[in-house]
Amino acid sequence: MFDFTHTEHTRETFDLARTLFLDHGQDLAVAARYLGGEAGESRVHSCALQLEAATRMDFRIRRNLVAIHSLLALENVGDPDCLETELFSNLHPGSAEVETICVLTELLEDLLFQIDRPMLADEGSFAA
């Protein structure tokens, strides 16, 4: 009668997000600073504090995760008016920092996919 799958999934993804920040929080903050300056680093710290205080995944946490992923995925690089473009130009493509940014971007992308998986499954059920 009652379906607890969504609740269980939400708890699972929340735990995954917390684990990501416990294991890689400092690296995320450094990477965000490389690509977004103090504002990027502050976003990571804010998200970490939200994860620490929260009891479940909510819209604010997901929104911050998406913003951090967008920053690390270089979505605004190329726009001459964006700070990200200038900061990115200071990084050497073969540096260890760039390698770390790539790994963190993939980890965030995997996490966001897990968070959005139920919505993607629901969309697929209406496609028929």
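Along the sequence shown, the residues carry numbers beginning at 1. Since the model is a prediction, treat every value here as computed from it, not as a measurement.
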Donor-acceptor pairs under 3.5 Å, side chain of residues 23-38 to any protein atom, not counting sequence neighbours: which ones?
| unit_1 | atom_1 | unit_2 | atom_2 | d |
| --- | --- | --- | --- | --- |
| R33 | NH1 | E41 | OE1 | 2.6 |

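- Considering only heavy atoms from C-beta on, D58 comes within 4.5 Å of I61 through its side chain.
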Applying side chain to side chain contact (heavy atoms under 4.5 Å, CB included), run through I115 and F14 and close with a yes or a no. CA-CA 8 Å; I115 291 169; F14 178 70; over 6 Å; no
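- Taking Ile, Leu, Val, Met, Phe, Trp and Tyr as members and joining any whose side-chain heavy atoms lie under 4.5 Å apart, directly or through other members, the hydrophobic cluster of L87 also contains L83.
- Between P93 and V98, the shortest heavy-atom contact is O-CG1, 3.5 Å.
- Here side chain to side chain donor-acceptor pair (under 3.5 Å) pairs that include residues 99-109, with residues two or more places apart or in two chains, number zero.
- Using a 4.5 Å heavy-atom threshold, the side chains of L51 and L20 count as separate.
- How far NE2 of H45 is from CG of L49: 8.5 Å, rounded to the nearest 0.5 Å.
- In this structure, the side chains of E84 and L71 come closer than 4.5 Å at one or more pairs of heavy atoms.
- Here the CD atom belonging to E97 is positioned 11.0 Å from the NE2 atom belonging to H92, to the nearest 0.5 angstrom.
- Between the R18 side chain and the E52 main chain, a donor and an acceptor come within less than 3.5 Å of each other.
- A donor-acceptor contact shorter than 3.5 Å links the side chain of T19 to the backbone of D15.
- Between the CE atom in M57 and the CD atom in Q114 there is a gap of 11.0 Å [rounded to 0.5 Å].
- T85 places none of its side-chain heavy atoms less than 4.5 Å from the side chain of P80.
- Partner of L112 under the side-chain contact (heavy atoms from CB on, under 4.5 Å) criterion, out of L65, I68, T13: L65 alone.
- Taking hydrophobic clusters as Ile, Leu, Val, Met, Phe, Trp and Tyr residues chained together by side-chain heavy-atom distances below 4.5 Å, L22 does not share a cluster with V44.
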Hey, mind stepping through D116 and R62 against side chain to side chain contact (heavy atoms under 4.5 Å, CB included) and telling me if it holds? CA-CA 10 Å; D116 293 342; R62 186 188 176 284; 2.8 Å; yes
